[in-house]
Amino acid sequence: MTSVFSGIDPETYRQHALHSSERAWPETNCYVDLWIEVLATSGVAPEAMLGFTLTQDFEGDQFTFFKVPLEDLDALYGIRATELAIYDRVERHVDVQIARGRLCLVEMDSFYMPDTRGTAYRQEHGKTTVAINRLDVAAKRVDYFHNAGYFRLEGEDFDGLFQLQLTENEPPFLPYTEFARFPEKPADEAHLSATARRLAGVHFNRRPRENPIRAFAAVFPQQVEAVAERPFGFFHKYAFNTLRQVGANFELAADHLAWLSADEFAVAAEHARRISDTAKSVQFQLARAIARRKFEPLQAALDPAADAWDSMMTSLAERI
């Protein structure tokens, strides 16, 4: 069974420190999380890619679902990722690319993924991105990066994931797929440092012109009142796309700044962590507010994070 990274196994795999259980947000979103693990596995520092976190905005009903730009992967690591056209069965395309040493990132249904047990597995259908490292169609087995780890599924889950249970008269859904081509040698630290510093400036210039956390705070209590009228499961979807996205984003921003220069960006990194910690605290307040149907305390709950965003950007303006 061929693979892109041959020396790893789901049973012995050790996740990167950016996914430590001691962090405020051990997982961020499926796309960034898998790239953290893929980059670490390929022998380069994932912290270098995180400059894009400076651009996160509030989009009216959610925070930006932050993703590493593909051009940053190329500039930093020499990794060229682009869309893979799917015109045949997904597993056939993936098999071809793995044989060529290329990693496929495929949008899959978490309903068939055992690593989502307790949230989505065999409970609800949901779109998530995985990076397939090893595929054995005959044995119905696949090893893949997903969220904060590296996993294996097989048997009936394999059939469901690749829609093998469909008849010939039921055409399968063709998912969005990217494939990544890796350079012959990993990028060295000097190149990563210089390029990440340059990209931090690019992303800083693309930051929101208005404080996105104040924009969120202005509508937060009203949104929560509406969420309270929905089934409780909707709370988790709302929290994921608002508080978790902003909290995880700025925890990663702090890691990026510390990686660039722990001394030079110490103040900005501290403000970024304050945003992250405030979002975590407010998520607990949100759950209590919905349970008690008391929303007034939420009006000022985000003020520390909004103030920290202003202070962070002021500090960065003096250094980038």
Side-chain angles (χ1 to χ4, degrees), residues 1-16 19 27-44 46 49 67-68 70 73-74 77 79-117 120-122 125-166 172-183 186:
M1 186 166 58
T2 58
S3 59
V4 178
F5 303 111
S6 59
I8 58 175
D9 184 270
E11 294 185 359
T12 58
Y13 184 80
R14 296 175 65 89
Q15 61 187 191
H16 189 268
H19 288 138
E27 293 186 2
T28 62
N29 65 54
C30 60
Y31 195 81
V32 169
D33 282 337
L34 75 81
W35 270 115
I36 288 171
E37 297 300 329
V38 167
L39 290 171
T41 300
S42 70
V44 292
M49 75 169 170
K67 302 174 71 173
V68 55
L70 299 185
L73 291 175
D74 192 356
Y77 308 106
I79 296 172
R80 298 174 60 192
T82 190
E83 182 174 357
L84 179 68
I86 301 296
Y87 61 88
D88 197 355
R89 297 206 58 88
V90 175
E91 67 274 15
R92 292 173 184 167
H93 289 294
V94 172
D95 204 26
V96 169
Q97 296 306 319
I98 290 177
R100 304 184 73 194
R102 298 172 177 180
L103 195 69
C104 287
L105 282 67
V106 189
E107 287 190 343
M108 293 295 200
D109 186 351
S110 53
F111 184 86
Y112 299 105
M113 297 169 61
D115 64 283
T116 67
R117 194 181 308 275
Y121 181 57
R122 301 291 174 169
H125 296 278
K127 174 179 69 68
T128 192
T129 302
V130 308
I132 298 177
N133 180 55
R134 188 176 291 122
L135 177 69
D136 188 334
V137 177
K140 294 186 177 182
R141 184 185 307 122
V142 60
D143 291 358
Y144 59 97
F145 295 95
H146 182 234
N147 289 336
Y150 182 65
F151 307 97
R152 173 174 296 156
L153 63 77
E154 52 196 335
E156 291 184 0
D157 292 327
F158 186 96
D159 290 346
L161 198 69
F162 290 102
Q163 305 173 77
L164 299 182
Q165 75 276 33
L166 300 178
F173 173 76
L174 303 180
Y176 177 75
T177 304
E178 295 171 344
F179 70 110
R181 290 169 281 188
F182 292 81

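With sequence neighbours left out, the side-chain contact (heavy atoms from CB on, under 4.5 Å) criterion links Ser6 to Ser3.
Put simply, the side chain of Gln15 gets close to the backbone of Ala148: a donor and an acceptor are under 3.5 Å apart. In terms of modelled atom types and a separation under 3.5 Å, the side chain of Asp109 and the main chain of Gly126 share a donor-acceptor contact. A distance-only check finds a donor-acceptor pair linking the side chain of Gln163 to the backbone of Phe173 [under 3.5 Å].
The nearest pair of heavy atoms linking Ala180 to Ile79 is CB-CG2, 4.0 Å. Annotation for Pro46 and Val44: closest pair CD-O, 3.2 Å, computed over non-hydrogen atoms. Across all their heavy atoms, Gly149 and Glu37 have their closest contact at N-CG, 4.3 Å. Contact between Ala120 and Ser110 at its shortest, heavy atoms only, is CB-OG, 3.4 Å.
At least one side-chain heavy atom of Met49 sits under 4.5 Å from a side-chain heavy atom of Ile36. Looking only at side-chain heavy atoms (C-beta outward), Ile132 and Val142 come within less than 4.5 Å of each other. Considering only heavy atoms from C-beta on, Phe151 stays 4.5 Å or farther from Pro114 through its side chain. Using a 4.5 Å heavy-atom threshold, the side chains of Tyr112 and Leu153 count as separate. Contact annotation: the side chain of Thr129 approaches that of Leu34 to within less than 4.5 Å [non-hydrogen atoms, C-beta and beyond]. Between Tyr13 and Thr41 the shortest side-chain heavy-atom distance falls below 4.5 Å. Within the 4.5 Å cutoff, side-chain heavy atoms of Val106 are placed close to those of Val94. The side-chain heavy atoms of Ile98 and Cys104, taken from C-beta on, include no pair separated by under 4.5 Å.
Dense packing is recorded around CD of Gln165, with more than 12 heavy atoms of other residues, nucleotides or ligands lying under 6.0 Å away. Within 6.0 Å of the CZ atom in Arg80, the count of heavy atoms belonging to other residues, nucleotides or ligands does not exceed 12.
The stretch residues 90-108 participates, sequence neighbours left out, in these side-chain hydrogen bond (donor to acceptor under 3.5 Å, both in side chains) pairs: Asp88-Arg92, Arg89-Glu91. For residues 138-164, the salt bridge (charged side-chain N to carboxylate O under 4.0 Å, His left out) pairs, not counting sequence neighbours, are Asp9-Arg152, Arg122-Asp157, Arg134-Asp143, Lys140-Asp159, Arg141-Glu154, Asp143-Arg152.
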So Leu161 and Val90, side-chain contact (heavy atoms from CB on, under 4.5 Å) or not? Walk me through it. CA-CA 10 Å; Leu161 198 69; Val90 175; over 6 Å; no

Stepwise side-chain contact (heavy atoms from CB on, under 4.5 Å) test for Tyr144 and Met113: CA-CA 10 Å; Tyr144 59 97; Met113 297 169 61; 3.6 Å; yes

Determine whether Leu70 and Thr82 satisfy the following criterion, side-chain contact (heavy atoms from CB on, under 4.5 Å), listing intermediate values before the conclusion. CA-CA 8 Å; Leu70 299 185; Thr82 190; 5.8 Å; no

Would Leu103 and Val38 satisfy side-chain contact (heavy atoms from CB on, under 4.5 Å), going step by step from the backbone distance to the final call? CA-CA 9 Å; Leu103 195 69; Val38 167; 3.7 Å; yes

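Between Phe145 and Tyr150, the ring-plane angle classifies as tilted under the 30° and 60° cut-offs. Ring geometry for Trp35 versus Tyr31: interplanar angle over 60°, hence perpendicular rather than tilted (30 to 60°).
The distance from the OG1 atom of Thr116 to the CG atom of Asn147 is 8.5 Å, given to the nearest 0.5 Å. Distance CE/Met108 to SG/Cys30: 12.5 Å, rounded to 0.5 Å.
A side-chain donor from one of Thr128 and His146 sits under 3.5 Å from a side-chain acceptor of the other. Neither side chain, His19 nor Glu27, offers a donor N or O lying under 3.5 Å from an acceptor on the other.
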